[in-house]
Undergrad: 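For reference, the structure I am asking about is given below.
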Amino acid sequence: MIKILFRDRYMVFCVKPEGILSQDSENAPNLPDVLREQLGTSYVGTVHRLDREASGVMVYSLDPKITGKLTAAFADKENTVKEYRALLTGVPEDRCGELHDLLYHDAKRNKTYVVDRMRKGVREASLYYEVVSVNDGRALVSVRLFTGRTHQIRAQFASRGLPICGDGRYGGGSGRLMLSSVRISLLHPVTGERVEAVDETAFSSNERRE
């Protein structure tokens, strides 16, 4: 059973387990299909994505008429908060700060690279991080995204010699990817009211299983 954090007639906030796709797929287990069966609805629309290896809070549309509005609300930098937790293989020099990079995603290799100049396919990326705790030379950080690029958190920290634990693709070693979405807060596309969903246990559970 997928953990449901909030639901109304228009949308649902839930917790994605690691190892399942966040978008529809005919060839692999995916969360929209699971939600359709669990909620007994024929429509679940994807408005954002989360890496297959990652876990945590996601929001889906339950009404095709507001899917576009919900997608826009999720992408609203000023009114939407997307917070993550990540366990790094090292400790950043600064306890908090912003990371700004130019990212290029190679679709064939499914990998994102930090590059030094703007060109076709390159997009600006930025985030804010804060060290929550340090243990055995590894930092648990809280991350707020200002942009939503593919593998953004993974690539930005890895480029600074701080890959996420368990992220073999970016040099973090084997095991479970220690990255989880813990909070999403946005303005309801219909009512205009703020809706927030929090689930820090998703990351805590991953950490215990490491």
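Computed from a prediction, not measured in an experiment: that's the story for all the values here.
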Undergrad: Rounded to the nearest 0.5 Å, what separation is found between the CD1 atom of I184 and the OG1 atom of T80?
TA: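 I184 CD1 to T80 OG1: 9.0 Å, rounded to 0.5 Å.
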
Undergrad: Verify the neighbour count for atom NZ of K69: are there more than 12 heavy atoms of other residues, nucleotides or ligands below 6.0 Å?
TA: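 Check fails, neighbour count at 12 or below.
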
Undergrad: At what distance, to the nearest 0.5 angstrom, does CG of L177 lie from CZ of R154?
TA: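 L177 CG to R154 CZ: 5.0 Å, rounded to 0.5 Å.
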
Undergrad: May I have the step-by-step check of side chain to side chain contact (heavy atoms under 4.5 Å, CB included) for M11 and V195, ending in yes or no?
TA: CA-CA 11 Å; M11 60 185 185; V195 181; 3.9 Å; yes

Undergrad: Mind checking the CD-NZ spacing from Q38 to K3? Nearest 0.5 Å is all I need.
TA: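 One gets 12.5 Å once the value is rounded to the nearest 0.5 Å.
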
Undergrad: Are F6 and L187 connected in the hydrophobic side-chain network, where two residues link if heavy atoms are under 4.5 Å apart?
TA: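 Each belongs to a different hydrophobic cluster.
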
Undergrad: So do the side chains of F146 and E98 get within less than 4.5 Å of each other, counting heavy atoms only?
TA: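 Yes, at least one pair of side-chain atoms sits under 4.5 Å.
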
Undergrad: So E196 and F13, do their side chains get closer than 4.5 Å, heavy atoms only?
TA: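 No. Closest side-chain heavy atoms not under 4.5 Å.
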
Undergrad: Side chains of Q152 and T112: donor-acceptor distance under 3.5 Å anywhere?
TA: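 No - no donor-acceptor pair under 3.5 Å links their side chains.
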
Undergrad: Answer yes or no: is there a side-chain heavy-atom contact under 4.5 Å between N135 and L140?
TA: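 Side chain of N135 against side chain of L140, heavy atoms only: no contact under 4.5 Å found.
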
Undergrad: Do other residues, nucleotides or ligands put more than 12 heavy atoms under 6.0 Å from R49 CZ?
TA: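 Not more than 12 within 6.0 Å, no.
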
Undergrad: Are any non-hydrogen side-chain atoms of R169 and N110 less than 4.5 angstrom apart?
TA: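 Contact flag for R169/N110 side chains = yes.
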
Undergrad: Do V44 and L21 belong to the same hydrophobic cluster, where Ile, Leu, Val, Met, Phe, Trp and Tyr are linked whenever their side-chain heavy atoms lie under 4.5 Å apart, directly or via other members?
TA: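 No, separate clusters.
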
Undergrad: Determine the minimum heavy-atom distance between A139 and V131, stating which atoms define it.
TA: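 So the two residues come closest at CB-CG1, 4.3 Å.
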
Undergrad: In Å and rounded to the nearest 0.5 Å, what is the CG to CG distance from L186 to N79?
TA: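 With rounding to 0.5 Å, CG (L186) is 9.5 Å from CG (N79).
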
Undergrad: If we ignore hydrogens and angles and just use 3.5 Å, is the side chain of H48 paired with the main-chain N or O of V59 as donor and acceptor?
TA: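 Yes; judged by distance alone, with no hydrogens or angles, the pair exists.
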
Undergrad: Establish whether V57 and V81 are linked, either directly or via other cluster members, by ILVMFWY side-chain heavy-atom contacts under 4.5 Å.
TA: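 Different clusters: V57 never reaches V81 through Ile, Leu, Val, Met, Phe, Trp or Tyr contacts under 4.5 Å.
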
Undergrad: Other residues, nucleotides and ligands only: do more than 12 of their heavy atoms fall within 6.0 Å of CZ on R36?
TA: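 Enclosed.
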
Undergrad: Side chain to side chain contact (heavy atoms under 4.5 Å, CB included) for V190 and D8? Distances and angles first, verdict last.
TA: CA-CA 11 Å; V190 177; D8 64 11; over 6 Å; no

Undergrad: Side chain to side chain contact (heavy atoms under 4.5 Å, CB included), that's the test. Do K77 and T147 meet it? Break it down for me.
TA: CA-CA 7 Å; K77 298 178 183 178; T147 55; 4.2 Å; yes

Undergrad: Would you please name every residue forming a ring pair (Phe, Tyr, Trp, His ring centres under 6.0 Å) with H188, sequence neighbours left out?
TA: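 Result, ring pair (Phe, Tyr, Trp, His ring centres under 6.0 Å) vs H188: Y10.
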
Undergrad: Looking at every heavy atom in both Y104 and G121, which two are closest together, and how far apart are they?
TA: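 Scanning both residues completely, I find the closest heavy atoms to be CD1-O, 3.6 Å.
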
Undergrad: Side chains of T89 and R138: is there a donor and an acceptor less than 3.5 Å apart?
TA: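 Looking only at side-chain atoms, R138 and T89 do not form any donor-acceptor pair under 3.5 Å.
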
Undergrad: Answer yes or no: is there a side-chain heavy-atom contact under 4.5 Å between S22 and Y60?
TA: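 S22 reaches Y60 side chain to side chain.
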
Undergrad: If I compare all heavy atoms of L31 with all of C14, which pair ends up nearest, and what's the gap?
TA: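 Reported closest heavy-atom pair: CD2-SG, 3.9 Å.
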
Undergrad: Are V122 and R117 side-chain neighbours, meaning at least one heavy-atom pair lies under 4.5 Å?
TA: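 No, too far: nothing below the 4.5 Å cut-off.
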
Undergrad: Is there a side-chain contact between V198 and L5 (heavy atoms, below 4.5 Å)?
TA: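 V198 does not reach L5 side chain to side chain.
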
Undergrad: Begin from the C-alpha positions of V47 and T67 and carry the test side chain to side chain contact (heavy atoms under 4.5 Å, CB included) through to its verdict.
TA: CA-CA 7 Å; V47 299; T67 298; 4.1 Å; yes

Undergrad: Hydrophobic clusters here meaning ILVMFWY residues chained together by side-chain heavy-atom distances under 4.5 Å, can you tell me if Y128 and I153 are in one?
TA: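 No, it is not one cluster - the side chains of Y128 and I153 are not joined through contacts under 4.5 Å.
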
Undergrad: Within the 4.5 Å heavy-atom criterion, are S159 and Y170 side-chain neighbours or not?
TA: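 No, side chains not in contact.
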
Undergrad: If two hydrophobic side chains count as joined below 4.5 Å and joins carry through other members, does V114 share a cluster with L99?
TA: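 No, separate clusters.
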
Undergrad: How long is the straight-line distance from CG of L102 back to CG of D116, given to the nearest 0.5 Å?
TA: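 The distance works out to 8.0 Å.
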
Undergrad: Would you say CD of E124 has more than 12 non-hydrogen atoms from neighbouring residues, nucleotides or ligands within 6.0 angstrom?
TA: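 Check fails, neighbour count at 12 or below.
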
Undergrad: Taking CZ in R9 as the centre, count heavy atoms belonging to other residues, nucleotides or ligands within less than 6.0 Å. Is the count above 12?
TA: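 Open: at most 12 neighbouring heavy atoms sit under 6.0 Å from CZ of R9.
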
Undergrad: Roughly how far, to the nearest 0.5 Å, is CD of E83 from OG of S180?
TA: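 Going from OG on S180 over to CD on E83, the span is 10.5 Å.
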
